[in-house]
Asker: 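Have a look at this one.
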Amino acid sequence: MKGFIIAIIFLIIGGAVAGFLAIGWGTVAGIAVGSQAGVCLAMETAKNEGMLTTEQIDKVIADTVITIRGKASIGEATNEMEWIRTEKDCADMVAKMEAESEKSSP
């Protein structure tokens, strides 16, 4: 249960990241990227808590991204963006976020 709560918190963080990214990329793309970041952080937590296997994580990621793309009114603004599909894609996204965070730290 603790892991699930942490996963939800990371989804909320993803929404906050979306708001931040919306400034530079536009609202729709920011929401899409932030949502993906939230999914990645939640799945990372689920894996660390032993809640899901790698195969289950890949399935949840793929299904969730399909849902995000289907429910969000994302049009041409996100056609060229890369969408996460697997745990490796998430690891790459988290690494990029950490690198950007280090650059912006004083």
Asker: Measure the shortest side-chain to side-chain distance between T86 and I61 over non-hydrogen atoms and say whether it is less than 4.5 angstrom.
Answerer: no
Asker: Going by the salt bridge (Lys or Arg N to Asp or Glu O under 4.0 Å) test, which pairs reach into residues 52-65, not counting sequence neighbours?
Answerer: K59-D63
Asker: Indicate yes or no: at least one non-hydrogen side-chain atom of V65 is less than 4.5 angstrom from one of R85.
Answerer: no
Asker: Mind checking side-chain contact (heavy atoms from CB on, under 4.5 Å) for V94 and listing every partner two or more places apart, or none if nothing turns up?
Answerer: C40, L41, E44, E98
Asker: Can you give me the closest heavy-atom contact between D89 and I84, atom names plus distance?
Answerer: OD2-C, 3.7 Å
Asker: Taking salt bridge (Lys or Arg N to Asp or Glu O under 4.0 Å) as the definition, give me every residue that meets it alongside K88, ordered by chain and number, with sequence neighbours left out.
Answerer: D92
Asker: Take K47 and E87, measure what side chain to side chain contact (heavy atoms under 4.5 Å, CB included) needs, and give me the verdict at the end.
Answerer: CA-CA 10 Å; K47 182 180 178 184; E87 183 181 2; 2.8 Å; yes
Asker: Using only atom types and a distance under 3.5 Å, with no angle test, would you say the side chain of E102 pairs donor to acceptor with the backbone of A99?
Answerer: no
